[in-house]
Amino acid sequence: MRSPLDRIRHALSFEIIALLMVIPLGAYLFHLPIHDIGAVGVVSATLATLWNFVYNYAFDSILKRRTGTTLKTTPIRVFHAVLFEVGLLLVLMPFIAWYLGVSLWQAFVMDVSFALFYMAYAFCFNWAYDRLFPLPEWQNVRQGS
């Protein structure tokens, strides 16, 4: 299992790098002022960081209890990313609609767009993070699985 400090490093680096990409991209794609997308991005990132910390701890605890390890195969990584984004979608959609003054449908479309970006990003980021900061228990196990 990762330490609390490692989980904090993981969550913060994940969100900071994502914001640097998603704010200009979101402003461009949705034709909204960068400060509006920036505000939505920062609030969303704050909520997502909290969710990331709790979700990853719970997911790894369940995974370790069920399989004896926290090493994730590719199918488990896909499931991990999808489940994370579905939970976050349910939390963020009402906030986006309220803050941007758009309908729930528009907020849903925006949120799904961001979720698709974050799903791909989470898969790549977490894979890279695990390679940069592997746990000792993984030393004798092939990482590409």
statement: Looking only at heavy atoms, the pair that brings Ala97 and Ser103 closest together is CB-O, 4.0 Å

- prompt: Can you check whether Val40 reaches Phe95 side chain to side chain, under 4.5 Å on heavy atoms?
  reply: yes

query: Taking a hydrophobic cluster as the set of Ile, Leu, Val, Met, Phe, Trp and Tyr residues connected by side-chain heavy atoms closer than 4.5 Å, whether directly or through intermediates, do Ile96 and Leu116 fall within one such cluster?
result: no

field: Gap between atom CH2 of Trp51 and atom CG of Asn56 - 0.5 Å precision
entry: 9.5 Å

- prompt: For Asp130, which of Lys72, Arg2, His10 qualifies under side chain to side chain donor-acceptor pair (under 3.5 Å)?
  reply: Arg2

- request: Measure from the side-chain N and O atoms of Asn126 to the backbone N and O of Ala122, and report whether any donor-acceptor pair falls under 3.5 Å.
  value: yes

task: Kindly compute the distance separating CG (Leu100) from CD1 (Ile37), expressed to the nearest 0.5 Å.
output: 5.5 Å

query: Under a 4.5 Å side-chain heavy-atom rule over Ile, Leu, Val, Met, Phe, Trp and Tyr, are Phe117 and Leu90 clustered together?
result: no

field: From CG (Leu92) to CZ (Phe114), nearest 0.5 Å
entry: 10.0 Å

Side chain proximity check, His80 to Leu63, heavy atoms < 4.5 angstrom: no

- prompt: If two hydrophobic side chains count as joined below 4.5 Å and joins carry through other members, does Met119 share a cluster with Leu47?
  reply: no

query: So how far is it from Ser44 OG to Leu88 CG, rounded to the nearest 0.5 Å?
result: 7.0 Å

task: Report yes or no: does Asp60 contribute a side-chain atom to a donor-acceptor pair with the main-chain N or O of Thr70 at less than 3.5 Å?
output: no

- prompt: Leu50, Ile8: one ILVMFWY side-chain cluster at the under-4.5 Å cut-off?
  reply: no

Which side-chain N or O atoms in residues 14-32 pair as donor and acceptor under 3.5 Å with protein atoms at least two apart or in another chain?
none

task: Indicate the atoms forming the closest heavy-atom contact of Pro134 with Arg131, along with that distance.
output: CD-O, 3.5 Å

query: Is Met110 reachable from Trp98 through a run of hydrophobic residues whose side-chain heavy atoms are each under 4.5 Å from the next?
result: yes

query: Are Ile76 and Phe59 close enough that some pair of their side-chain heavy atoms sits under 4.5 Å apart?
result: yes

task: Using a 4.5 Å cut-off on heavy atoms from C-beta on, say whether the side chain of Arg77 contacts that of Thr74.
output: no

- request: Check whether NZ of the Lys or CZ of the Arg Arg9 lies under 6.0 Å from the centre of the six-membered ring of Phe133 and within 45 degrees of that ring's axis.
  value: yes

- prompt: Given side chains that start at C-beta, do those of Tyr118 and Leu89 come closer than 4.5 Å, heavy atoms only?
  reply: no

query: What are the two closest non-hydrogen atoms of Leu104 and Met93, and how far apart are they?
result: O-SD, 4.0 Å

- prompt: Taking side chain as C-beta onward, heavy atoms only, is Tyr57 less than 4.5 Å from Ser61?
  reply: yes

- line: Of Tyr121, Phe53, Tyr55, the one forming a ring-ring contact (aromatic ring centres under 6.0 Å, His included) with Phe84 is Tyr55

